[in-house]
Amino acid sequence: MKYTLAQIFGALGSVENGQDMINSLQNIIDASRQADKSGEILKKLGVNSVEELEKVVSTLDTFKKAGNDPTALTAQLTNQVKDLTAKYEQSEAKAKEEREKRIRRRMAEDVTEAGTI
């Protein structure tokens, strides 16, 4: 037999400390409903966890710092990309230069070694 909440509450109300048990059970039910609502809110926001929500909040904070202006945010991000691109190109050029130096040094060593044989 399945019991309704009203039947369960009625039975609990007739036992010693029954009202305390009813209040505890009601608090558990309310907390569960609140947790379900939080999950629904996260789903509506398109996130699956609190960590993802924190990332969204961080992004919104960045947007606010840019004055809620998408153009300003775009300009800021564009500048950051340009800076990173320049640093990357410098790093690649330096690495290429180092490789070429190693190759030239090795070739010179090989020529010197071949001449001494």
Side-chain angles (χ1 to χ4, degrees):
M1 173 177 184
K2 289 187 178 182
Y3 295 99
T4 66
L5 280 178
Q7 291 170 324
I8 294 170
F9 287 158
L12 284 174
S14 65
V15 298
E16 185 177 337
N17 297 324
Q19 190 58 46
D20 290 338
M21 288 187 248
I22 290 171
N23 290 339
S24 294
L25 186 56
Q26 191 61 50
N27 288 337
I28 292 169
I29 291 169
D30 290 344
S32 177
R33 286 182 181 155
Q34 185 63 34
D36 286 346
K37 286 181 183 177
S38 296
E40 288 176 22
I41 291 169
L42 289 176
K43 285 180 184 177
K44 287 181 181 180
L45 292 173
V47 295
N48 297 316
S49 66
V50 173
E51 291 80 19
E52 286 183 23
L53 181 60
E54 289 171 351
K55 290 177 185 177
V56 170
V57 170
S58 175
T59 302
L60 291 174
D61 286 343
T62 302
F63 187 65
K64 286 179 184 177
K65 288 177 185 174
N68 292 330
D69 180 9
T71 305
L73 183 60
T74 301
Q76 179 183 359
L77 293 173
T78 300
N79 289 336
Q80 289 176 350
V81 168
K82 284 180 184 177
D83 290 343
L84 290 173
T85 301
K87 288 177 182 178
Y88 172 76
E89 288 172 351
Q90 289 172 352
S91 175
E92 284 295 308
K94 186 175 181 178
K96 182 179 178 183
E97 183 180 322
E98 291 296 323
R99 275 192 305 274
E100 289 174 356
K101 282 182 184 178
R102 279 195 311 272
I103 291 170
R104 284 194 301 271
R105 185 173 356 129
R106 182 67 182 158
M107 287 172 59
E109 289 172 359
D110 288 348
V111 168
T112 304
E113 187 177 304
T116 59
I117 294 180

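Please read all numbers here as calculations on a predicted model, not as lab measurements.
Within a 6.0 Å sphere centred on CD of Glu16, heavy atoms belonging to other residues, nucleotides or ligands number 12 at most.
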Distance-only check: which donor-acceptor pairs under 3.5 Å involve side-chain atoms of residues 78-98, not counting sequence neighbours?
{"from": "Thr78", "atom 1": "OG1", "to": "Thr74", "atom 2": "O", "distance (Å)": "2.7"}
{"from": "Asn79", "atom 1": "ND2", "to": "Ala75", "atom 2": "O", "distance (Å)": "3.4"}
{"from": "Thr85", "atom 1": "OG1", "to": "Val81", "atom 2": "O", "distance (Å)": "2.8"}

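Annotation: side chain to side chain contact (heavy atoms under 4.5 Å, CB included) contacts of Glu109 (sequence neighbours excluded): Arg105, Arg106. Qualifying side chain to side chain donor-acceptor pair (under 3.5 Å) partners for Glu54, counting only residues two or more places apart in sequence or in other chains: none. Scored by the salt bridge (Lys or Arg N to Asp or Glu O under 4.0 Å) test, Arg104 finds no partners at all (sequence neighbours excluded).
As a member of the Ile/Leu/Val/Met/Phe/Trp/Tyr network built from side-chain separations under 4.5 Å, Ile28 groups with nothing else and remains a singleton.
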